[in-house]
Amino acid sequence: LMAPSLEALIDELRSDRARGASELARRALSGLAEAAAALPAADAGALSRALDEAARVLQQVRPSMAPIVNLVGDWRLACSDIAGLDLAQGRHRAASRAAALIEASRAAVARAAEAAAELLGPDRTVITHSMSSTVVAALERLAPRVRVIVTESRPPGEGRHLAGRLAALGIAVQFISDAQLGLFAGRADAALVGADTLANDGAVINKVGTYLLALACRDRGVPFYVCCEGFKRSTLPPRDIPLEEHDPHELAPPEAPEVHAYNIYFDVTPARLVEAWITDRGIRYRGDDPTR
């Protein structure tokens, strides 16, 4: 059985609809650091086994989000030697390695955001969809000399929170329903979105509606950019990456046996619709080597 604090962490990550994948990955790591300090254990070997099992479960909580899988996986590997230490050393090493990965994640966000801001430049109109801490960081670097079109991103509507954050930075925001994506895409100079996962061919797994935005941008001749950290890359092809589905009652469907509601939270944007992938490792344009 999991400790109550780890059970609470799993529930927190599973139910969170506001924070982006990188933020949730860092929260998973901070929770593991807390567990390393507090879990009852007779020795470092018992601690190692308990932490590894907790990390394995956390990796499965949000299967559409590669950063949780990858960063927690890196932590498991980095902690594979703590069983041979004394208990106090094992606790310290597990916590310190979680802290190092959290810092590496934040640094990657900063580098990707800086590259995106340089590519976009000031005095542009940018359209975005869903919540991405990396996109926010990029737009913050351009504030107030940028205009942003923000979608509701329903359900649950995290675009409202995003619009508020951008407005607080002094950015002029146009707030629209998801159904207006096609209408407003042509009014932007560029689209900039984050990613929950990058498939091995460069396809983008992100909040549902991202694919529609990319299609609208292609039709209007607007460049569609993806900005995220390199650790969001998966080794899997798009077809093998699960797309999370949540409670259809969020859509408030009619209560009738003939109505079958679907509430899939993520969609897949093919690499052919992406103008450039902007990561902490640099900018890769469509036609470049997709594995770089």
Side-chain angles (χ1 to χ4, degrees), residues 12-27 30 62 64-65 67 102 105-106 108-110 112-114 116-117 119-196 204 206-210 212-214 216-217 222 224-229 232 244 246-247 250-252 263 265-267 278:
E12 176 188 343
L13 296 179
R14 184 177 288 127
S15 62
D16 193 296
R17 303 289 182 266
R19 288 177 289 183
S22 295
E23 291 175 288
L24 292 179
R26 291 193 291 273
R27 177 66 188 103
S30 68
R62 300 297 296 272
S64 299
M65 295 183 171
I102 289 171
S105 168
R106 288 180 174 144
V109 168
E114 187 64 36
L119 180 62
L120 289 170
D123 303 315
R124 308 285 299 280
T125 297
V126 178
I127 187 168
T128 191
H129 180 67
S130 192
M131 181 65 202
S132 163
S133 58
T134 316
V135 169
V136 171
L139 296 172
E140 183 176 12
R141 285 160 170 75
L142 296 170
R145 294 180 59 189
V146 66
R147 300 169 298 277
V148 184
I149 303 168
V150 176
T151 63
E152 282 186 291
S153 307
R154 296 185 67 247
E158 66 269 22
R160 182 177 297 276
H161 173 66
L162 173 60
R165 284 183 64 174
L166 296 179
L169 297 171
I171 295 173
V173 176
Q174 299 178 57
F175 185 64
I176 64 171
S177 65
D178 296 342
Q180 296 178 81
L181 272 173
L183 179 64
F184 276 80
R187 303 183 188 184
D189 297 302
L192 182 69
V193 301
D196 289 284
V204 181
N206 199 48
K207 179 67 181 284
V208 68
T210 303
L212 298 178
L213 175 58
C217 286
V222 174
F224 180 86
Y225 299 129
V226 177
C227 180
C228 68
E229 306 81 275
K232 288 187 173 179
E244 292 180 24
H246 294 287
D247 188 348
E250 287 186 331
L251 306 180
N263 188 17
Y265 257 56
F266 297 89
D267 62 19
I278 310 162

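Scope of the values below: all heavy atoms of this structure, side chains included, with no hydrogens, waters or symmetry mates.
Under the side-chain contact (heavy atoms from CB on, under 4.5 Å) criterion, Ala25 pairs with Pro67, Ile68, Leu71, not counting sequence neighbours. Evaluation of the side-chain contact (heavy atoms from CB on, under 4.5 Å) rule for Ser132 yields Thr134, Val135 as partners, not counting sequence neighbours. Every side-chain contact (heavy atoms from CB on, under 4.5 Å) that Arg141 has, sequence neighbours left out, goes to Ala110, Ala113, Glu114, Ala117, Ala137. With sequence neighbours left out, the side-chain contact (heavy atoms from CB on, under 4.5 Å) criterion links Ala191 to Ile127, Leu213, Cys217, Phe224. Residues that satisfy the ring-ring contact (aromatic ring centres under 6.0 Å, His included) test with Phe184, not counting sequence neighbours, are absent from this structure.
What you find for Thr125 and Arg147 is that their closest heavy atoms are OG1-NE, 2.8 Å. Pairing each heavy atom of Ala188 with each of Val222, the nearest pair is O-CG2, 3.6 Å. Residues Ser153 and Asp178 come closest through the heavy atom pair N-OD1, 2.8 Å. Here the closest non-hydrogen pair linking Leu142 and Pro122 is CD2-N, 4.0 Å. Shown here for Lys232 and Ala195, the closest heavy-atom pair between the two residues is NZ-O, 2.7 Å.
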For this session: Test Glu12 against Leu24 for side-chain contact (heavy atoms from CB on, under 4.5 Å), laying out the working first.
Result: CA-CA 9 Å; Glu12 176 188 343; Leu24 292 179; 6.0 Å; no
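At distances below 3.5 Å, not a single donor-acceptor pair connects side-chain atoms of Arg27 with backbone N or O atoms of Leu13. Thr151 contributes no side-chain N or O that, together with a main-chain N or O of His129, makes up a donor-acceptor pair within less than 3.5 Å. When atom types are taken as modelled, the side chain of Asn263 and the backbone of Leu251 share no donor-acceptor pair closer than 3.5 angstrom. In this structure a side-chain-to-backbone donor-acceptor pair under 3.5 Å is present from Thr128 to Leu192.
Separating the CZ atom in Arg17 from the NE2 atom in His246 is a distance of 3.5 Å, to the nearest 0.5 Å. If you take OG on Ser22 and CG on Asp196, they are separated by 8.5 Å, rounding to the nearest 0.5 Å. With rounding to the nearest 0.5 angstrom, the CD1 atom of Ile171 is 5.5 Å from the CG atom of Leu139. Going from atom CD of Glu244 over to atom CZ of Arg62 covers 4.0 Å, rounded to the nearest 0.5 Å.
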Hey, can you pull the donor-acceptor pairs under 3.5 Å for the side chains in residues 155-170, sequence neighbours left out?
unit_1, atom_1, unit_2, atom_2, d
Glu158, OE1, Lys207, NZ, 3.0
Glu158, OE2, Ser130, OG, 2.7
Glu158, OE2, Lys207, NZ, 3.0

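Taking 4.5 Å as the limit, every side-chain heavy atom of Arg187 sits out of range of all side-chain heavy atoms of Ile176.
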